[in-house]
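Working notes for the structure below.
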Amino acid sequence: MKNNNHLMPKVVIAALVAGLLGGGITYGGINMFQNSGLDTAVPTGSNDGGTTGTSNIKVNVQNQSEKAYKAVKDSVVSVINLKQSQSSNNPFASMFGENQSSKDSNKLEANSEGSGVIYKKSGNAAYIVTNNHVVAGASALQILLSNGKQLEAKLVGRDSVTDLAVLKINGSQIKDIASFGNSDNINVGETSLAIGSPLGSAYASSLTQGIISAKKREVQLTGSNGQQTGNTASVIQTDTAINPGNSGGPLINLAGQVIGINSMKLASDGQGTSVEGIGFAIPSNEVTRIINELVKNGKIERPALGIRYINLSNIAVSQQKSVLKLPSSVENGVVVFDVTKNGPAANAGLKKYDVITELAGKKISSQDQIRSILYEQKMGSTVPVQFYRGGHVHNGSIKLSENSSQLKIND
């Protein structure tokens, strides 16, 4: 997403002038052409022979990338996040007794821009998928179509965990929609294309090309404050250029299918070293599951355990034996540090210092797996759990309920 105060960003292009275009190259103060024995005199006479022209030969450069771009580009839109003006722009308002603040309270200004893609048309309505962070905090939303027309958009639903949102617009003018491909079928090294509005709508419908670098890359999610949320996401990694403003736009394959929604990029590592060509997109299979639920319910309901926990590997081996009394054969799992009263885990009998090693029939190797396993379950379902207490293994079951605020992870 590109933050700006104006819809048309100012771009300064710097021209680098190399100092290698003039002056003779000399060795030991002697001109290299001296005493060469060649006739280097410039011919005299008319310059009529120096004219030229262009050829009528047409080169057919159409390829799969061009075809894929043409198939999708008209379904890609710019998403404009509008916010109410915070202050008066008229310095003479108070002098003439105008209540300018009340006038400005109804004024909307472009706060930021991102991208989106129209994926469905039903009757007179059309639906757009974009990123949650593109629409977050908006007082109103506008869509800029590829033909330059602006439309009002309404928020259908959004999900901060997956960073996805669905918008609804009047579909009477919409002719082109994009289709989703199966993100499980992509391959590392496969060509990928990104379409969007880098730097804002002034560069709408820009195309970049790269490859799939990894199919399922686990990355830590961060909030708007830049701090890690404790959640991870399984995303497509690509070296296709993804710039501010591309957020929410499609990552497509050469068949012109949307295989992901561009969400973020890695600009530097933990030590501040700049990196290039590491972008991430939410896989289309995850996208379709989430947006279908957003359209149906307006939100995503997720089950929670109602505990705080930490990786077993973060506990000293001495304490694993003295406090947790774990057998040496237990090497992986999560340690319960707090249990919410009347929460799902508490109702199932789990207590502080229990070590969960299996949930829903899957072994727990890290705390990140808990979220992934839970989000695969349905609300109200009952899942088996295996845990150690006082050195002994126990098996039980947990009935899952929604309480996202209880799902916390200790680092």
Start with the C-alpha distance between I236 and I186, add both sets of side-chain angles, then the distance that settles side chain to side chain contact (heavy atoms under 4.5 Å, CB included), and finish with yes or no.
-> CA-CA 9 Å; I236 300 170; I186 64 175; 3.7 Å; yes
Hits for side chain to side chain contact (heavy atoms under 4.5 Å, CB included) against K351, two or more places apart or cross-chain, chain-then-number order -> D354, R389
What is the minimum heavy-atom distance between I373 and I364, and which atoms define it?
-> CD1-CD1, 3.5 Å
Distance from L324 atom CG to L326 atom CG, nearest 0.5 Å?
-> 5.0 Å
Check side chain to side chain donor-acceptor pair (under 3.5 Å) between K216 and all other residues, then give those that pass, not counting sequence neighbours.
-> none
Taking side chain as C-beta onward, heavy atoms only, is M379 less than 4.5 Å from L400?
-> no
Quick one: which residue pairs count as a side-chain hydrogen bond (donor to acceptor under 3.5 Å, both in side chains) with a foot in residues 117-132, not counting sequence neighbours?
-> N132-R158
Set of side chain to side chain donor-acceptor pair (under 3.5 Å) partners for K149, sequence neighbours left out | Q173
Quick one: pull up CG in L151 and NZ in K168 and give me the separation to the nearest 0.5 Å.
-> 14.0 Å
Any donor-acceptor pair under 3.5 Å linking the side chain of S183 with the backbone of I259?
-> no
Drop me the distance from Q150's CD to S201's OG, to the nearest 0.5 angstrom.
-> 8.0 Å
Can you name the side chain to side chain contact (heavy atoms under 4.5 Å, CB included) partners of I242, sequence neighbours left out?
-> T238, N246, N262
State which residues pass side chain to side chain contact (heavy atoms under 4.5 Å, CB included) with Q237; sequence neighbours excluded, sorted by chain then number.
-> S213, A214, R217, I278, F280
Only pairs at least two apart or in different chains count here, so list each salt bridge (Lys or Arg N to Asp or Glu O under 4.0 Å) that has a residue in residues 176-202.
-> none
Polar side-chain atom of S365 near backbone of N332 as donor-acceptor pair, under 3.5 Å | no
Interatomic distance, Y309 atom OH to I356 atom CD1 [nearest 0.5 angstrom] | 8.5 Å
Mind checking whether I315 and V323 have side chains closer than 4.5 Å, heavy atoms only?
-> no
On a heavy-atom basis, the closest approach of A165 and V135 is CB-CG2, 3.8 Å
Is a side-chain donor or acceptor of S115 paired with a backbone partner of G196 at a separation under 3.5 angstrom?
-> no
Let me see the working for E293 and K296 under salt bridge (Lys or Arg N to Asp or Glu O under 4.0 Å), right down to the final yes or no.
-> CA-CA 5 Å; E293 189 169 342; K296 182 179 179 181; over 6 Å; no
Begin from the C-alpha positions of L155 and L167 and carry the test side chain to side chain contact (heavy atoms under 4.5 Å, CB included) through to its verdict.
-> CA-CA 5 Å; L155 180 66; L167 308 180; 3.7 Å; yes
Could you tell me whether the side chain of V77 reaches within less than 4.5 Å of the side chain of S146, counting heavy atoms only?
-> no
Side-chain (N81) to main-chain (V134) donor-acceptor, under 3.5 angstrom | yes
Closest heavy-atom contact between A178 and V72?
-> CB-CG1, 4.4 Å
Is it the case that E113 and S78 place a side-chain donor and acceptor less than 3.5 Å from each other?
-> no
For residues I290 and R302, report the shortest heavy-atom separation together with the two atoms involved.
-> CD1-NH2, 4.0 Å
Could you list the residues that satisfy side chain to side chain contact (heavy atoms under 4.5 Å, CB included) with N185, not counting sequence neighbours?
-> N182
Provide the closest heavy-atom pair for N285 versus T288 in the form atom of the first, atom of the second, distance.
-> O-OG1, 3.2 Å
Looking at residues at least two apart in the chain, or sitting in another chain, which of them share a side chain to side chain donor-acceptor pair (under 3.5 Å) with N170?
-> S172
Calculate, to the nearest 0.5 Å, the distance between atoms CG and CG belonging to L164 and D159 respectively.
-> 7.0 Å
Does some side-chain heavy atom of I118 sit less than 4.5 Å from a side-chain heavy atom of L145?
-> yes
In chain order, what residues pass the salt bridge (charged side-chain N to carboxylate O under 4.0 Å, His left out) check against D74, with sequence neighbours excluded?
-> none
Let me see the working for L359 and V383 under side chain to side chain contact (heavy atoms under 4.5 Å, CB included), right down to the final yes or no.
-> CA-CA 7 Å; L359 183 66; V383 297; 4.0 Å; yes
Provide the closest heavy-atom pair for L108 versus S139 in the form atom of the first, atom of the second, distance.
-> CD2-CB, 3.9 Å
Taking it one step at a time, do N311 and V334 satisfy side chain to side chain contact (heavy atoms under 4.5 Å, CB included)?
-> CA-CA 5 Å; N311 269 340; V334 296; 4.1 Å; yes
Are L350 and F387 side-chain neighbours, meaning at least one heavy-atom pair lies under 4.5 Å?
-> yes
For the residue pair I143 and I80, establish whether any side-chain heavy-atom pair is separated by less than 4.5 Å.
-> no
Residues in side chain to side chain donor-acceptor pair (under 3.5 Å) with K321, at least two apart?
-> none
To the nearest 0.5 Å, tell me how far I128 CD1 sits from I174 CD1.
-> 7.0 Å
Quick check: does any side chain N or O of S284 sit under 3.5 Å from a backbone N or O of G181, one acting as donor and the other as acceptor?
-> yes
Verify, without hydrogens or angle tests, whether N253 (side chain) and G256 (backbone) share a donor-acceptor contact under 3.5 angstrom.
-> yes
Do Q64 and T191 have side-chain heavy atoms sitting under 4.5 Å apart?
-> no
What residues, two or more places apart in sequence or in another chain, satisfy salt bridge (charged side-chain N to carboxylate O under 4.0 Å, His left out) together with K399?
-> none
I212 side chain reached by L251 side chain, heavy atoms, under 4.5 Å = yes
